[in-house]
Amino acid sequence: MLNLNKRLRMPSAFTILFLLIIVVAVLTWLIPAGQYETTRAGNVIAGTYQSRANSPQGLWNIFEAPIKGMLGTKTTDGAISVSLFILVIGGFLGVTTKTRMLDDGIGSVVKKYAGQEKVLIPFLMTLFAIGGSTFGMGEETIAFVPILIPIMVRVGYDSITAISISLIGSQVGCIGSTVNPFATGVASETIHISPGIGIGSRLIFFICVLVISILYVMHYATKVKKDPENSYVFERRQRDLKEFVDKDHEVVDQLSPKQRHVLVAFILIFVIMICSLIPWTSLNSKFTIFDDFTHWLTHVPFLGDFVGTNILPLGNWYFTEITTLFLIGSVLIMFIFKMSETDFINSFMSGMGDMLDVAMIVAVARGIQVVMNDGNITATILHAGETGLQGLSSGVFIALTYIFYIPMSFLIPSSSGCAAATMGIIGPLGKFSGVSGSLVVTAFQSASGFVNLVTPTSAIVMGSLAVAHVGIGTWLKYIGKLMLILFVFSIVFLVICSMLKL
């Protein structure tokens, strides 16, 4: 029996992703190559598809794909910025863990809310969903997984519950995006409509999918707490308790003064990160407080030069800036806690080491897209969608558009990249079927968020699972029913909206 279990053991995330690279490489030999003409902004021009010489990807290309996935190519952005962010986040958490602020804080929270832990699930999922809906919260959520696991395990839930709060929460927010600049913003701009058009129906959609997801996660968490053997990761329970929960540490009623100061800095860092990623001026052109403050700060004599004249205002930050933020946060916590230089370096490097496999998974996942683009089959797959969606009724068109964007979002995991590559084609096609451009945007972003719940090409999925030591196969077993519910509900909602001409 033991030998059989070993033979049936799920391969690692690295193996699965590398096998997918091989599969996509084989497809470059079978699918004809093609290309579209593009605008200066890089948007595809409808009706310009033409065949080109095949670019089959061979053995060298397969092994080179993860390297290019990390460094990037002319047609595929590299994952190095995301990977470095994950490593620095790991260092930041390592330094924070050294202060025992998280352990003692978690213990005091559990002690205070004993018997009421279930309220944390809807509260936290709603916060993550708002982040996903407003500014496309994604890879940043990986940092929260090692923080949430001790809380969930300690109160009787499991690591899957912890992953669900951040991963499902944020991506359900993306499914029901309201003003997400990477999905709603790019898609709307591509077909030349305001991101605000259709926001009413998208807000209703957001609330509905969020409620569905919260109920699903709470139902699972309740079953696990009632009987731990109901957990999909029950065999890891003792290891999770040992790794994420220090039972030998005495539970305190409150944090020490230094730990409270660390907690304030810890929260401040994450608040700044969230504020830095929301495109304030894009949402409201009059909301220029961060731009005005940054302009003032950088032009104050001496102070501006001391801080740095090239600092960007909050709302314009991306991975380079938020990675720098967490590096600064690590140093800040070192000084607040009066940590020695040796302890700081050791804890920072140890934290980075804990995240090394997660950072590498991101690069390997990006290698799939590298093989597709280098093999020139992305345009051919897109062309198949262009020709297959013409001349249909509004209900059929929007349903097929949603279905079409599921494999497209798998093949192009970047929501902004997928929107820029396809909306210039699919958006105008909707007019022939009486479907508004805003509804096509809703179909696109809901499919993109749907795929981001499970796709192994997503850094969010594979990174979160790697942190919690949960296999992709286990995750698929757990989330399968929710995916089916969301799939059916999304299509029904979109069809109704098309009939009501929303």
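Quick note: residue numbers are just sequence positions, from 1.
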Side-chain contact test, heavy atoms from C-beta onward, threshold under 4.5 Å: evaluate it for [X] versus [Y] and give yes or no.
| X | Y | value |
| --- | --- | --- |
| Ile165 | Val145 | no |
| Thr323 | Leu327 | no |
| Met334 | Glu341 | no |
| Cys208 | Phe489 | yes |
| Ser159 | Met152 | no |
| Thr442 | Cys497 | no |
| Leu312 | Thr294 | no |
| Gln171 | Ile460 | yes |

>> Is it the case that over 12 heavy atoms from other parts of the model lie below 6.0 angstrom from the CD1 atom of Ile289?
In response: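 Atom CD1 in Ile289 is not packed in, count stays at 12 or less.
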> Around atom CE of Met352, are there more than 12 heavy atoms of other residues, nucleotides or ligands at under 6.0 Å?
Replying inline: yes
Under the side-chain hydrogen bond (donor to acceptor under 3.5 Å, both in side chains) rule, collect the residues that match up with [X], sequence neighbours excluded.
| X | answer |
| --- | --- |
| Ser330 | none |
| Asp291 | none |
| Asn61 | none |
| Thr320 | none |

>> Could you work out, with salt bridge (charged side-chain N to carboxylate O under 4.0 Å, His left out) as the rule, every residue matching Lys68, not counting sequence neighbours?
In response: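 Scan of Lys68 (salt bridge (charged side-chain N to carboxylate O under 4.0 Å, His left out), adjacent residues dropped) gives Glu64, Asp374.
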>> Glu321: which residues meet the salt bridge (charged side-chain N to carboxylate O under 4.0 Å, His left out) condition with it, sequence neighbours left out?
In response: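 In terms of salt bridge (charged side-chain N to carboxylate O under 4.0 Å, His left out), with neighbours along the sequence ignored, Glu321 is linked to no residue.
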Give, for atom [atom1] of [X] and atom [atom2] of [Y], the distance between the pair rounded to the nearest 0.5 Å.
| X | Y | atom1 | atom2 | answer |
| --- | --- | --- | --- | --- |
| Ile197 | Ser188 | CD1 | OG | 7.5 Å |
| Thr96 | Phe337 | OG1 | CZ | 10.5 Å |
| Thr401 | Leu494 | OG1 | CG | 9.0 Å |

Residues that [X] engages under side chain to side chain contact (heavy atoms under 4.5 Å, CB included), provided they are two or more places apart:
| X | value |
| --- | --- |
| Ser81 | Phe319 |
| Met218 | Lys118, Ile121, Pro122, Ile214 |
| Asp343 | Lys98, Met339, Ser340 |

Who are the ring pair (Phe, Tyr, Trp, His ring centres under 6.0 Å) partners of [X], not counting sequence neighbours?
| X | value |
| --- | --- |
| Tyr478 | Tyr216, Tyr220, Trp475 |
| Phe128 | Phe144 |
| Phe123 | none |

> Short question: side chain of Thr455, backbone of Asn452 - any donor-acceptor pair under 3.5 Å?
Replying inline: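 No, Thr455 side chain to Asn452 backbone: no donor-acceptor pair under 3.5 Å.
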Of all the heavy-atom pairs spanning [X] and [Y], show the shortest one and how long it is.
| X | Y | result |
| --- | --- | --- |
| Gly176 | Ser133 | O-OG, 3.2 Å |
| Val24 | Ile368 | CG2-CG2, 3.8 Å |
| Ala129 | Leu210 | CB-CD1, 3.7 Å |
| Ile269 | Gly329 | CD1-CA, 3.8 Å |
| Ile163 | Val470 | CD1-CG2, 3.9 Å |
| Ser448 | Ser409 | CA-OG, 3.4 Å |

>> Apply side chain to side chain contact (heavy atoms under 4.5 Å, CB included) to residues Arg260 and Met101 and explain how you reach the verdict.
In response: CA-CA 8 Å; Arg260 286 200 294 270; Met101 182 274 292; over 6 Å; no
>> Could you walk me through whether Val461 and Leu453 satisfy the side chain to side chain contact (heavy atoms under 4.5 Å, CB included) test, starting with their C-alpha distance in whole Å, then the side-chain angles of each, then the deciding distance to 0.1 Å, before giving a yes or no?
In response: CA-CA 7 Å; Val461 174; Leu453 286 169; 5.8 Å; no
> Where do Gln259 and Leu263 land on the side chain to side chain contact (heavy atoms under 4.5 Å, CB included) test, with the steps shown first?
Replying inline: CA-CA 6 Å; Gln259 287 177 320; Leu263 175 61; over 6 Å; no
> So Ser446 and Tyr402, side chain to side chain contact (heavy atoms under 4.5 Å, CB included) or not? Walk me through it.
Replying inline: CA-CA 8 Å; Ser446 59; Tyr402 175 76; 3.4 Å; yes
>> Against Phe92, only a single residue in Phe85, Phe326, Phe344 fulfils ring pair (Phe, Tyr, Trp, His ring centres under 6.0 Å); can you say which?
In response: Phe326
